[in-house]
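Let me begin by presenting the structure, written as structure tokens, before commenting on it.
For this chain, numbers begin at 1 and follow the sequence in order.
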Amino acid sequence: MTDVVDDREALVAAATHRLHPMSWFFILLTQLKSFALPLIILLFSGRGERNAADLIGLAAAGLLGIYAVWQYFTYRYGFLENALVIRSGILQRNLRLIPFDRVQNVTLQQNLLHRLVGVAMVKLESAGGMGQAEAQMQVLRLDQAHALEAMLRAPARRSTNDSDEPTADADGHISASRDTQGTLWLSLPTSELVRLGLISNRGMLVVAAGIAYLSQVGERVMGRFSDGVKDVGSEGIAIAEAWHLGPIAYAVLGLSLLLSLMILVRVLSIALAILQFHGFQLHAGERELRVERGLLSRVRGNLPKRRIQAYSLRESLLHRWFGRQSLRVDRAAMEAHNDAQSLRDLVPLATPDGMDGMLAHLLPAGSWPQSNWQPLHPRAWWRKFALPALMILIGTGVLMFFEGLPGLWALLLLPLIYVRARVWARYSAWSLENGVVAFRQGWLDRHWRFAEARKLHALQLRQSPFDRRHGMASVHLDTMGASPMEPALTIPYLAIEDAERLLALLREQMPRDAGISRARTAASATPEE
């Protein structure tokens, strides 16, 4: 017991450093953000009890301010030889010891106010944190934050200054330049961000947010908005009638309006790309990657290479027009914070050659780009065609019941569905080379999904009744940190022999504690070794 007490006293004695003197202010702002909506509702819904609502709001803000100052004066941190010590609280005292080798990610985050004051918020993520921050230090002076980051990254970094890892220019081409803080793989100038905005179509997020806001503000505001649209439309029709415009003129005006809206969305996309990725830099060390980005809010995050679980490479038609590709990664314990996006969008934009060069250093030697692509089952197109065709036939029957013969026009969709299924099957393929399993699909919009076999956690062989009838199966590959926004890592519609062979090969390369199962239908699965 004496040793435990002595150790605790040593830990308490080591934690002597305070946060920045303005920490209480940033803590207060964070608390006000959390309680902003209830306070606003309270202040503006008081009606006849306005004074009482004001007093309650002021009292709540005062209590939050006291809590923020309290947290500043009771928070201390310090260092042992290989660990970070944090203590906080007076009534309920907390003492935390975080070994340096347990810290998997250090994120420095600065919004505009942080940058004006010269401070940063530091988030530490541990190996067993399940995506939650092991510690959050709000806020430190910027030079102290950088020193803390360097100290925590030192065990993983080792001697990266002596390594010979490659670098890349703005287009992603690998070269031999160095950076004093690591090897610079990629940087994106403003011209690349303009391309990224034109390709990504991020402006639709603003449009969707505006529609969601209008749907939530109530009938009064929504009514005003719809009345304004009607007034503009009525004035436009009146002007068109006064000028005696014909159908061609109406069509030209409609196309002009549509083109204007598309241009507006693209301008918003470019603005969002610049806000999010301004000053983007991707640095690589021996064991980890570091990403910096942001115009107003600056984020700097570190990602150990071993925590990357799967990759998602995209090349849409717009990507090909600009000669670019984009790469996203799934990583273990992907947190739900906004700064996680800076690590998920690992390479927002790069040339195909530059992307291949970076992937060649992230994946096992000789595994990328892959060349031994294997086709799917010869009747895979039918599995892609059958269900949509059945739905179209049912829909046609319903339309004919209500509308008569005009309902047959829906059958014109069948040739489109057929061509789509044929093209999808022709350009879909899978590969397993040097420990990397991959699946590609798409013609106009190409997509590659791949992962190292040794990082897979579970395998499933799935067969629906239709699959069994055609002698095919699908192999579902499970990894940690999979993004719900990306397609699942699944290789569908293989010949049953190919599926069994792929399953056996993957099982040999997977960790021994990983799982494998065989699902005969989507509704019920029976584990089988």
Side-chain angles (χ1 to χ4, degrees), residues 1 3-31 33-34 64-111 114 117-157 288 290 299-304 307 332-333 335-340 343:
M1 180 67 68
D3 294 339
V4 175
V5 173
D6 291 342
D7 290 341
R8 181 178 179 83
E9 291 177 352
L11 295 179
V12 172
T16 57
H17 300 284
R18 284 187 177 181
L19 301 176
H20 191 274
M22 290 293 293
S23 290
W24 67 271
F25 178 69
F26 289 95
I27 296 172
L28 176 60
L29 290 181
T30 302
Q31 297 296 325
K33 286 181 182 179
S34 303
L64 292 177
I66 294 173
Y67 171 79
V69 174
W70 183 302
Q71 188 169 352
Y72 164 70
F73 280 106
T74 59
Y75 193 100
R76 298 285 189 279
Y77 71 96
F79 304 99
L80 298 178
E81 183 178 357
N82 292 310
L84 171 67
V85 182
I86 297 177
R87 63 182 176 94
S88 60
I90 293 181
L91 300 179
Q92 183 178 354
R93 298 183 179 180
N94 297 316
L95 184 63
R96 303 177 65 187
L97 180 67
I98 306 175
F100 290 162
D101 57 1
R102 183 181 173 184
V103 177
Q104 298 293 319
N105 183 27
V106 184
T107 301
L108 272 61
Q109 189 169 2
Q110 289 182 291
N111 58 30
H114 285 111
V117 180
V119 296
M121 180 171 61
V122 181
K123 293 182 180 180
L124 311 179
E125 182 185 336
S126 67
M130 297 303 292
Q132 301 298 322
E134 178 75 17
Q136 181 170 304
M137 308 176 75
Q138 185 173 225
V139 289
L140 294 177
R141 203 170 63 233
L142 189 57
D143 58 345
Q144 293 177 332
H146 287 163
L148 176 61
E149 179 194 28
M151 183 178 295
L152 293 172
R153 291 175 58 234
R157 188 178 68 249
E288 65 179 4
R290 189 178 80 244
V299 177
R300 178 159 127 172
N302 300 282
L303 173 61
R307 299 194 71 191
E335 68 272 16
H337 304 297
N338 291 333
D339 50 287
L343 298 174

Flag side-chain contact, heavy atom, 4.5 Å: L140 against H20:
no
So how far is it from M137 CE to Y75 OH, rounded to the nearest 0.5 Å?
4.5 Å
Do the non-hydrogen side-chain atoms of Q110 and L142 ever get within less than 4.5 Å of each other?
yes
Before you tell me yes or no, could you show the steps for L108 and V106 under side-chain contact (heavy atoms from CB on, under 4.5 Å), namely the whole-Å CA-CA distance, both residues' side-chain angles and the distance that decides it to 0.1 Å?
CA-CA 7 Å; L108 272 61; V106 184; 4.0 Å; yes
Over all atoms of both residues, closest heavy-atom pair of A145 and A120:
CB-CB, 4.2 Å
Mind checking whether F100 and F79 have side chains closer than 4.5 Å, heavy atoms only?
yes
Value for CZ (F73) from CZ (R18), rounded to nearest 0.5 Å, stands at 6.0 Å
Determine whether a donor-acceptor pair (N or O, by modelled atom type, separation under 3.5 Å) exists between the side chain of S88 and the backbone of T74.
no
What I'd like to find out is whether the side chain of L19 reaches to under 4.5 Å of the side chain of Y77, using heavy atoms alone.
yes
Please report the C-alpha distance between M121 and N111 in whole Å, then the side-chain angles of each, then the deciding distance to 0.1 Å, and finally whether the side-chain contact (heavy atoms from CB on, under 4.5 Å) criterion is met.
CA-CA 9 Å; M121 180 171 61; N111 58 30; over 6 Å; no
For I98 and V85, run side-chain contact (heavy atoms from CB on, under 4.5 Å): C-alpha distance rounded to whole Å, both residues' side-chain angles, the deciding distance at 0.1 Å, then the answer.
CA-CA 6 Å; I98 306 175; V85 182; over 6 Å; no
Proximity of H114 and F26 rings by center, below 6.0 Å:
yes
A68 and L28 have their tightest heavy-atom pair at CB-N, 3.7 Å
Give the minimum heavy-atom separation between Y72 and P21, together with the two atoms involved.
OH-CA, 3.7 Å
Is any NZ, NE, NH1 or NH2 atom of the basic residue among R300 and E149 found under 4.0 Å from an Asp or Glu carboxylate oxygen of the other?
yes
Side chain proximity check, T30 to Q138, heavy atoms < 4.5 angstrom:
yes
How far apart are the C-alpha atoms of Q109 and K123, what are their side-chain angles, what is the distance that settles it, and do they pass the side-chain contact (heavy atoms from CB on, under 4.5 Å) test?
CA-CA 8 Å; Q109 189 169 2; K123 293 182 180 180; 3.8 Å; yes
Non-hydrogen atoms of L97 and A83 that approach each other most closely
CD1-CB, 3.5 Å
Check whether any side-chain heavy atom of L95 sits under 4.5 Å from a side-chain heavy atom of I86, and report yes or no.
no
